[in-house]
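Report on one structure; see the data block that follows.
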Amino acid sequence: QQHADGGGKKRVCYYYDPRISYVDYGEKHEMVPHRVAMTHGLVKSYGLLDLMDRLRVAPATKEDLLLAHSEDYLNLLRDLTPAAYDNDEATRKRAAEHRLGSVPDEGGSGCLISDNPVIEDLWDYCLRYAGGSLAAARALASGRYEIAINWSGGMHHACEDKASGFCYVNDIVVAIKALLVGRFERVLYVDIDAHHGDGVENAFLKESRVMTVSFHQYDGKKFFPRTGDVKDVGATEAMYRTLNVPLDPGTGDVRYHKLFQPIMERVMDVFRPDAVVLQCGADSLAGDRIAGLGLSVRGHGKCVRFLCGYDLPLLLLGGGGYTINHVASCWCYETAVAIGKEIPDDIPHHEYDKYYQSQGYKLHYHEADRSNGKAQTKHMAEVKQRVMEHLDQLSD
Ligand code: TV7
Ligand code: CA
Ligand code: ZN
């Protein structure tokens with residue numbers, strides 16, 4: 001079933017809207033949309049833009065977002081401005097009900113900080129990143145493209161009724177629903193962001209046409225969003241079409257792929273999807289500012305290469321990623337993997353090349369190994385066995 005590595009070039013389309021990269025989550029916030037402009041600059045400097053079609057589409061509409069959200073929440077997102085938030089107590093209260101805006105820092109610093117701040121042009125930002133993922137899904141459903149890319153999408157935490165973890169609207173849920181109505185009977189969602197893909201998982205808990213698989217850092221009950229235990233497998237008719245693969249902090253390429261490849265092979269066998277959505281959150285890379293996994297750019301890209309190896313329409317989305325030079329290196333490399341073109345390690349001269357100084361102007365940067373030795377090997381074998389047992393339940 002799996003094609004030989006690089007077996008034939010695929011038709012790829014790509015969404016990039018420069019207006020997204022000017023969005024500002026606030027001075028100290030870790031989410032930096034400018035990383036998508038850096039990715040684009042790198043993709044362009046490697047000459048990759050000539051090898052794919054650019055999707056130029058209007059932003060999504062409120063009607064499109066109703067596929068994933070309540071009207072009440074969308075009306076709030078549409079009407080919320082920093083000025084209204086600052087000046088009006090009732091607005092602050094309503095925002096807080098949907099987990100938007102500042103809360104006093106738990107650390108007790110006295111500062112007001114927020115995962116999901118009320119920012120300038122919030123609604124426009126949501127419509128644009130979700131519009132990209134929706135257009136990408138439709139491009140796959142049209143049959144004109146085999147791979148579609150939106151690095152500004154992948155906001156996997158947003159819920160029907162509230163913001164969460166830097167995510168305001170869930171472009172992934174919108175895109176998957178568009179694939180389901182488009183022409184695909186079964187859609188597989190794979191999430192390699194360091195965080196658990198809770199918003200997408202919850203949206204499809206009872207939908208047997210969608211299978212969700214998240215690999216994520218998990219240390220008991222500390223790492224956000226604290227869900228994604230290996231024993232969580234979905235509900236009723238869609239039981240075992242939710243798969244969670246919790247990983248110890250420090251997990252690097254070798255350990256990651258000891259789980260990823262056999263698990264994904266088995267998922268492909270038992271679920272037999274008609275299309276695949278891959279959330280490529282780059283916070284699972286070594287040296288991330290928030291997360292503690294240890295993938296290299298090649299190790300991260302190996303997940304993309306692996307799923308490209310199946311002859312199925314593939315939607316590639318962004319997600320987390322907080323060391324922005326690493327993020328851009330990774331997503332540029334993965335764009336090349338999708339196109340099926342090898343690119344040199346030396347970063348070409350271009351407008352953002354200064355950002356890569358700390359990695360010696362090489363795409364494949366090196367980071368000190370922070371993995372914590374043998375302790376986790378036994379635990380990982382247990383996780384793998386549990387997951388495989390869940391998958392046995394799906395085979396008939
Ligand atoms: C997909 N971790 C999103 C991942 C979302 C993680 C969190 C921060 C953080 C926020 C900041 C900030 C931060 C250094 C890191 C329990 C809290 C702690 C208030 C801020 N610096 C994705 C969300 C996670 C905001 N949230 O999967 C402003 O780190 O752990 C939490 C929740 C309560 C709220 N407080 C943080 O990668 C895109 N936030 C600095 C300024
Ligand atoms: Ca994940
Ligand atoms: Zn993340």
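For ligands, and for the atoms within them, numbers begin at 1 and follow the listed sequence. Numbering starts at 1 and runs along the sequence shown. Computed from a prediction, not measured in an experiment: that's the story for all the values here.
Atoms O of Phe215 and OG of Ser214, as seen from the Ca ion (ligand 2), are separated by an angle of 90°, to the nearest 10°. Taking the Zn ion (ligand 3) as the apex, the angle formed with OD1 of Asp193 and ND1 of His195 is 110°, to the nearest 10 degrees.
The pair Arg94-Asp72 meets the salt-bridge criterion, with a side-chain N (NZ, NE, NH1 or NH2) lying under 4.0 Å from an Asp/Glu carboxylate O. Between Asp121 and Arg128 no salt bridge is recorded (no basic side-chain N to carboxylate O distance below 4.0 Å). A salt bridge links Asp346 to Lys362: one of the charged nitrogens lies within less than 4.0 Å of a carboxylate oxygen. Here Glu89 does not pair with Lys93 in a salt bridge; the nearest charged N to carboxylate O distance is not below 4.0 Å. Between Asp53 and Arg144 there is no salt bridge, since no side-chain nitrogen of the basic residue lies less than 4.0 Å from a carboxylate oxygen of the acidic one.
Which parts of ligand 1 touch Asp283 is read off a 4.0 Å heavy-atom cut-off, strictly below it: atoms 37 (O). Those atoms of ligand 1 that come under 4.0 Å of a heavy atom in Glu30, given as number and element, are 13 (C), 14 (C), 21 (N), 29 (O). Remark: ligand 1 atoms within the under-4.0 Å shell around heavy atoms of His156 are 1 (C), 22 (C), 27 (O). Counting atoms of ligand 1 from 1 in the listed order, those under 4.0 Å from a heavy atom of Lys28 are 40 (C), 41 (C). Ligand-side atoms of ligand 1 in range of His195: 4 (C), 6 (C), 22 (C), 27 (O), 37 (O), range being under 4.0 angstrom from any heavy atom.
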Would you be so kind as to tabulate the donor-acceptor pairs closer than 3.5 Å made by side chains of residues 228-236, with sequence neighbours excluded?
from, atom 1, to, atom 2, distance (Å)
Asp229, OD1, Lys231, N, 3.0
Asp229, OD2, Tyr218, OH, 3.1
Asp232, OD2, Asp229, N, 3.4

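Only side-chain heavy atoms of Tyr322 come within less than 4.0 Å of ligand 1; its backbone N, CA, C and O stay farther off. Looking at Ala194 against ligand 1, nothing comes within 4.0 Å, counting heavy atoms. Contacts with ligand 1 closer than 4.0 Å are made by heavy atoms of both the backbone and the side chain of His29.
Restricting Asp193 to its N, O or S atoms, the one at the least distance from the Ca ion (ligand 2) is O. Its N, O or S atom nearest to the Ca ion (ligand 2) is what matters here, and for His195 that atom is O. Residue Asp191 approaches the Ca ion (ligand 2) most closely through its N/O/S atom OD1. When you scan the N, O or S atoms of Asp283 for the one nearest the Zn ion (ligand 3), you land on OD2.
Atom CD of Glu237 is surrounded by more than 12 heavy atoms from other residues, nucleotides or ligands within 6.0 Å. For Lys206, the NZ atom sits in a loose shell: 12 or fewer heavy atoms of surrounding residues, nucleotides or ligands are nearer than 6.0 Å.
Between Asp193 and ligand 1, a contact under 3.5 Å exists for at least one N or O pair.
Separation of the Tyr14 and His40 ring centroids falls under the 6.0 Å cut-off.
Leu391 CG to Glu265 CD: the interatomic distance, rounded to the nearest 0.5 Å, is 12.0 Å.
Taking backbone and side-chain atoms together, Ser284 has no N/O/S atom less than 3.0 Å away from the Ca ion (ligand 2).
Annotation: side chain of His156 is not in contact with side chain of His196 (no heavy-atom distance under 4.5 Å).
Among Gln385, Arg386, Gln393, the one residue that satisfies the side chain to side chain donor-acceptor pair (under 3.5 Å) test with Glu389 is Gln385.
At least one heavy atom of Met31 sits less than 4.0 Å from an atom of ligand 1. For the pair Gly281 and ligand 1, no heavy-atom separation below 4.0 Å is found.
When the heavy atoms of Leu112, Ile290, Ile113 are ranked by distance to atom 15 (C) of ligand 1, first place goes to Ile290. For atom 8 (C) of ligand 1, the nearest non-hydrogen atom from the set Phe224, Phe223, Phe166 comes from Phe166.
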